[in-house]
Amino acid sequence: MATQSKALIDDLKWRGLFSQSTDEGALIQALSKPTTLYIGFDPTAPSLHVGNLVVLLALRRFQLAGHIPIALVGGATGLIGDPSGKSEERSLNTTDVVVAWVERIRVQVSKYLDFNAKDNAAIVANNLDWTSPLSAIEFLRDVGKHFSVNQMLAKDSVSSRLEAGGISYTEFSYQVLQSFDFLELFRRHNCTLQLGGSDQWGNITAGLDLIRRVESGSAHALTIPLLAKADGSKFGKTAGGAIWLDPEMTSPYAFFQYWLNTDDKDVINFLKVFSFKSREEIEALEKSHSENPGAREAHRALARELTSLVHSAQICDRVEAAARALFGQGELSELDEATLTAALAELPRTTVKSGEPIPTWVDLLAATGVVDSKSAARRIVKEGGAYLNNAKISGEDFAPSKSDFLCGKYAVLRKGKRDLAAVELV
RNA sequence: GGCGGGUUGCCCGAGCGGCCAAUGGGAGGGGACUGUAAAUCCCCCGGCUCUGCCUUCGAAGGUUCAAAUCCUUCACCCGCCA
């Protein structure tokens with residue numbers, strides 16, 4: 001099985017999922033037997049986003065290779081705030097907010113792991129379980145005593161903050177808590193490997209030291225590079241904010257579109273990082289993409305796989321069909337009502353009561369929430385980016401008429417090239 | 001606790017009594033070109049009942065015909081001293 005564990009590491013490297021690790025030979029040796037490993041997710045929002053998916057799917061890869069994954073939800077650490085990668089102190093969330101987020105993230109994380117696997121069922125843990133019973137005195141005596149402030153100060157997450165803006169005692173303590181998590185998981189589940197983003201290296205190695213000192217145990221660390229885009233912009237962020245996994249926060253339609261619109265320069269890398277396709281399959285997509293980029297086969301494969309994984313194959317089919325209908329070459333008016341209804345269901349929408357006068361295009365677009373204000377909607381009209389049923393309109397006062405409603409029910413608003421919204425006559 | 005510096009639109013950052021909805025850069029948006037891609041070029045980028053009006057420059061008061069700009073108090077940040 002040592003060759004298998006070597007293959008796992010090699011695959012991670014090929015996918016660009018390997019930043020650094022503790023002694024690689026020892027790690028491969030350890031992984032030759034089923035190994036328990038964990039990743040922590042702090043509740044900093046009500047949902048995980050596509051950036052979290054990188055490490056979460058890495059955990060899944062380990063489970064598929066026969067190892068036992070633990071997803072740790074940071075009910076405790078989420079109350080403290082990780083200084084890693086942050087240039088300034090963050091404001092604390094209230095405990096009830098964090099409790100609510102923990103629950104949502106626990107459910108979300110569970111979707112990507114197998115809890116029924118016979119020999120290596122996944123585990124979800126919450127670090128509040130072992131930190132909350134601990135008194136401050138116990139914590140300082142039993143845990144704190146093993147930490148040298150000199151070493152803590154040397155961590156990049158702390159030293160960079162000392163230079164810019166300072167750091168509170170609260171966030172300074174974060175690495176101790178994370179180390180304690182590793183120690184507890186080592187004790188409870190014989191967890192001997194922690195995965196994390198490359199910014200977690202300092203926190204993870206602090207845990208290794210703690211395990212060595214307290215339990216004379218040996219454990220390993222593996223970090224994953226933070227995903228970078230070709231143009232240097234931040235991955236997973238759009239004008240509207242982050243791309244969330246929660247369908248209430250980012251609609252499956254928008255989710256699919258996000259991946260479909262991936263920069264050509266990034267699409268193969270993203271496939272390697274996110275897709276569970278084999279190396280051969282991805283290399284085949286790379287070939288077809290370079291031969292005919294306009295067909296966007298690789299983009300489509302990426303969007304399909306991730307939308308199916310995060311939402312469902314059924315939802316994926318729906319949003320893809322919607323996009324095909326709305327962006328297709330044919331006339332919108334030629335779509336039958338069922339197709340149109342299904343397609344428009346995926347879009348931001350507003351309604352108009354049939355007895356009442358129809359508002360202007362500007363008012364309608366603003367009502368769908370596609371733009372932030374009526375001024376923004378007016379600007380779109382003035383600049384020539386306003387469409388009704390795929391036909392350009394002009395004049396700030398333009399209002400659709402009854403006959404513009406397809407099948408007597410729907411009007412399709414478009415802002416620019418690809419931002420669509422629906423108006424329904426009720 | 002003392003002294004000094006700072007807090008400006010999504011972000012960075014100019015402005016230091018009227019010419020300020022506020023220079024510049026970035027992000028973002030629209031158009032052209034394309035492939036619902038990138039690069040490039042042009043344009044836009046507080047809000048509204050839009051040739052005008054309203055609300056913004058940490059918060060609250062005040063001076064003035066007029067304040068992002070001056071004064072007072074408060075909050076937070078940074079530095080030096082105790």
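Sequence lines set the chain letters: A, B, ... in the order given, protein chains first and strands last, and positions in each chain run from 1.
- Residue A:Asp264 is classed as a base contact, given a heavy-atom separation below 4.0 Å to a base.
- At the heavy-atom level, A:Arg379 lies under 4.0 Å from the strands shown only through sugar-phosphate atoms.
- Side-chain atoms of A:Ile380 lie closest to B:G29 of the nucleotides B:A37, B:U36, B:G29.
- Here A:Gly294 lies in heavy-atom contact (under 4.0 Å) with a base.
- In this structure, the ring of A:Phe274 has its center less than 6.0 angstrom from the ring center of A:Trp259.
- Ring geometry for A:Tyr169 versus A:Phe172: interplanar angle of 30 to 60°, hence tilted.
- Residue whose closest nucleotide on RNA chain B sits further toward the 5' end, between A:Gly384 and A:Lys265: A:Gly384.
- At a threshold of 4.0 angstrom between heavy atoms, the contacts of A:Glu396 with the nucleic acid are absent.
- Atoms OH (A:Tyr258) and P (B:G28) sit 12 Å apart, rounded to a whole Å.
- The side chain of A:Tyr387 sits closest to B:G31 out of B:A37, B:G31, B:G29.
- Side-chain contact, A:Asn390 with A:Arg414: a donor N or O sits under 3.5 Å from an acceptor N or O.
- Comparing A:Tyr253 and A:Ala386 against RNA chain B, the residue whose closest nucleotide sits nearer the 5' end is A:Ala386.
- Comparing B:G31, B:U36, B:A37 by their closest approach to the side chain of A:Lys392 singles out B:G31.
- Listed by residue number, the members of residues 410-421 of chain A with any heavy atom below 4.0 angstrom from RNA chain B are A:Lys415, A:Gly416, A:Lys417, A:Arg418.
- Near RNA chain B, meaning a heavy atom under 4.0 Å away, the residues from residues 357-375 of chain A are A:Ser373, A:Lys374, A:Ser375.
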